Amino acid sequence: ISGRIIVGTIQRNQRNMNSGILQAFQMELTCPICMKYFIDPVTVDCGHSFCRPCFYFNWQDIPIFTRCFECMKTTWQRNLKTNIHLKKMASLARKVSLWLFLSSEEQMCGTHRETKKMFCEVDKSLLCLLCSSSQEHRYHRHRPVEWAAEEHREKLLKKMQSLWEKACENQRNLNMETTRISHWK
């Protein structure tokens, strides 16, 4: 009996350790601003990383220099490059998280008791494979949930980038006009 207790204790400790390692891994893939998995992560001069949208939206008045949100060192805002490795790792973590969400009991198809793996583009809903081929959805466009999520995420990122570039252009124009007006006075 004492051998079983020791084995059980060791197994429990391993699960706790594995859980701790998993949590540490998840934290490394989490943006310190939004506290979610990175989306288009950028790394600033000091080495800290943030979601590009979070970093942009937390700048005040679109300055040339800003402070890192982690270490408070001054950093140059131009030419932020996507951290490709971190982006891939966060994408994998999001997929695992999505898979865990979809395999939960409340996300199972009520009719067929199967995991909802398909996204219906027409109805914007999650469906199991049997529902996606049903009469109601037969002629709709479907794709795996992971693909649809990544595609929509990429579209949003492109739109956000475009809006950011327009905001920067507007700020430059405003600065030029302010300078011009101050010279008139």
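Both backbone and side-chain heavy atoms feed into the values below; hydrogens, waters and symmetry mates do not. Everything quoted here is computed from the prediction, not taken from an experiment.
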**Report entry** salt bridge (Lys or Arg N to Asp or Glu O under 4.0 Å) partner of Asp40, chosen from Arg52, Lys88, Lys158
**Finding:** Arg52
Query - In one Ile/Leu/Val/Met/Phe/Trp/Tyr side-chain cluster, 4.5 Å: Leu157, Val42 - result: no
Requested in this report: Mind checking the SG-CE spacing from Cys131 to Met118? Nearest 0.5 Å is all I need.
Outcome: 12.0 Å
**Report entry** side-chain contact (heavy atoms from CB on, under 4.5 Å) between Glu146 and Arg94, worked out
**Finding:** CA-CA 9 Å; Glu146 297 89 4; Arg94 275 193 309 277; over 6 Å; no
Report task. Taking atom CD of Glu28 as the centre, report whether more than 12 heavy atoms of other residues, nucleotides or ligands fall under 6.0 Å from it. Result -> no
Query raised in the report: CD/Glu114 to OG/Ser132 distance, rounded to the nearest 0.5 angstrom?
Result: 9.5 Å
Query raised in the report: Are Lys166 and Glu169 ion-paired here, with the side-chain N under 4.0 Å from a carboxylate O?
Result: no
Report summary line: d(Ser125 OG, Phe119 CZ) to nearest 0.5 Å is 7.0 Å
Requested in this report: For His112 and Cys109, work out which heavy atoms get closest and say how close.
Outcome: N-SG, 3.3 Å
Query raised in the report: To the nearest 0.5 Å, what is the distance between CZ (Phe50) and SG (Cys34)?
Result: 11.0 Å
Report summary line: By side-chain hydrogen bond (donor to acceptor under 3.5 Å, both in side chains), Asp123 pairs with (sequence neighbours left out) His137
Requested in this report: I would like to know whether Leu127 and Lys116 meet side-chain contact (heavy atoms from CB on, under 4.5 Å); could you show each step before the answer?
Outcome: CA-CA 5 Å; Leu127 305 169; Lys116 297 176 182 177; 5.8 Å; no
Query - Non-hydrogen atoms of Ile39 and Pro53 that approach each other most closely - result: O-CD, 3.8 Å
Query raised in the report: So does Lys95 pair up with Glu150, basic N to acidic O under 4.0 Å?
Result: no
**Report entry** Contacts of type side-chain hydrogen bond (donor to acceptor under 3.5 Å, both in side chains), residue Glu121, not counting sequence neighbours
**Finding:** Arg143
**Report entry** Gap separating the CD1 atom of Ile33 from the NE2 atom of His48, nearest 0.5 angstrom
**Finding:** 11.5 Å
**Report entry** Glu177: partners by salt bridge (charged side-chain N to carboxylate O under 4.0 Å, His left out), with sequence neighbours left out
**Finding:** Arg180
Query raised in the report: How long is the gap from OG on Ser91 to CG on Leu29, to the nearest 0.5 Å?
Result: 10.5 Å
Query raised in the report: Short question: side chain of Thr178, backbone of Leu174 - any donor-acceptor pair under 3.5 Å?
Result: yes
Query raised in the report: Who are the side chain to side chain contact (heavy atoms under 4.5 Å, CB included) partners of Thr43, not counting sequence neighbours?
Result: Ser49, Asn83
Query raised in the report: So, do Met160 and Leu163 sit near enough that their side-chain heavy atoms are less than 4.5 Å apart?
Result: no
Requested in this report: Name all residues meeting the side chain to side chain contact (heavy atoms under 4.5 Å, CB included) criterion together with Lys117; count only those two or more places apart in sequence or in a different chain, and write none if there are none.
Outcome: Thr115
Report summary line: Across all chains, not counting sequence neighbours, the side-chain hydrogen bond (donor to acceptor under 3.5 Å, both in side chains) partners of Ser134 are none
Query - 4.5 Å side-chain heavy-atom contact, Met89 and Phe38 - result: no
